Amino acid sequence: MSRRRDRLEEYVEAVVIARLSRPDAAALLTPDDDGGERERAAQAAEQVRQRLDDAAASFAAGVITARQLATITGQLRPELAALEAAAAPPPDRASVLGELVSAADVEKAWDALSPDARRTVVRLLMEIRVDRGRRGPGSSTDGIEIIWR
């Protein structure tokens, strides 16, 4: 049995609104230190780019075949994309959350957001893990894990 998407969305929205309504919500505007993760990802991405350049040079010199170059490129491009995404600076928290945190009525401010803006807020604030729903009537939040970022 799976969960109803609308009920899950309602629950997540209620949690977000409750968190942004707390007196300490302004603390969410300051990003946490990532411990150098973005810098390490940027360095690893540069190493992958160098490997791609080396493969291209080897092909140009006749050391490897087009098929080998295609294999190398096919394996390294997804790795590079993931590393570049990990190295990208996080969204500016103040521009995403500022109006919500300072709103007198957070729920009203939330309702005024576009669906894309709401998704951005949720992705910025939390990771959501959902287990399969339980059988039977009603809605349960058991099996919904929210990990705050």
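Values in this document were obtained by computation on a predicted structure and should not be read as measured data.
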(request) Working to the nearest 0.5 Å, report the span between CZ of Arg77 and CD of Glu84. (result) 9.0 Å
(request) Please round to the nearest 0.5 Å and tell me the distance separating atom OG of Ser58 and atom CG of Leu69. (result) 9.0 Å
(request) Please tell me if the side chains of Leu113 and Leu100 come closer than 4.5 Å, counting only heavy atoms from C-beta onward. (result) yes
(request) Keeping the roles fixed (side chain from Arg19, backbone from Trp148), state whether a donor-acceptor pair exists under 3.5 Å. (result) no
(request) Could you grab the distance from atom CZ of Arg40 to atom CZ of Arg38, nearest 0.5 Å is fine? (result) 11.0 Å
(message) I'd like to check Thr65 versus Gln68 (side-chain heavy atoms, cut-off strictly below 4.5 Å). Are they in contact?
(response) yes
(message) Taking the side chain as everything from C-beta on, heavy atoms only, tell me whether Arg118 gets closer than 4.5 Å to Val122.
(response) no
(request) State which residues pass salt bridge (Lys or Arg N to Asp or Glu O under 4.0 Å) with Glu46; sequence neighbours excluded, sorted by chain then number. (result) Arg49
(request) State, with a plain yes or no, whether a side-chain heavy atom of Gln47 is found less than 4.5 Å away from one of Leu83. (result) no
(request) To the nearest 0.5 angstrom, please state how far the CG atom of Leu76 sits from the CZ atom of Arg51. (result) 4.5 Å
(message) Do Ile128 and Val130 have side chains that approach each other closer than 4.5 Å (heavy atoms only, starting at C-beta)?
(response) yes
(message) Contact between Leu125 and Leu20 at the side-chain level, heavy atoms closer than 4.5 Å - yes or no?
(response) yes
(request) Taking all non-hydrogen atoms of both residues into account, name the closest pair between Ala55 and Ile72 and its distance. (result) CB-CG2, 3.8 Å
(message) Using only atom types and a distance under 3.5 Å, with no angle test, would you say the side chain of Arg93 pairs donor to acceptor with the backbone of Leu28?
(response) yes
(request) Using a strict 4.0 Å threshold on nitrogen-to-oxygen distance, state whether Arg119 and Asp116 make a salt bridge. (result) yes
(request) Apply salt bridge (Lys or Arg N to Asp or Glu O under 4.0 Å) to Glu127 and list each qualifying residue two or more places apart in sequence or on a separate chain. (result) Arg129
(message) I'd like to know whether CD of Glu99 has more than 12 heavy-atom contacts from other residues, nucleotides or ligands below 6.0 angstrom.
(response) no
(request) Over all heavy atoms of both residues, which pair between Ala87 and Ala42 is shortest? Give the atoms and the distance, please. (result) CB-N, 3.6 Å
(request) Decide side chain to side chain contact (heavy atoms under 4.5 Å, CB included) for Ile146 and Tyr11; before the verdict, give the C-alpha distance in whole Å, the side-chain angles of both, and the deciding distance to 0.1 Å. (result) CA-CA 11 Å; Ile146 294 178; Tyr11 173 70; 4.0 Å; yes
(request) Give the minimum heavy-atom separation between Arg22 and Asp24, together with the two atoms involved. (result) NH2-OD2, 2.9 Å
(request) Specify the closest pair of heavy atoms between Leu29 and Gly98, including all atoms of both residues, with the distance to one decimal. (result) CD2-N, 3.9 Å
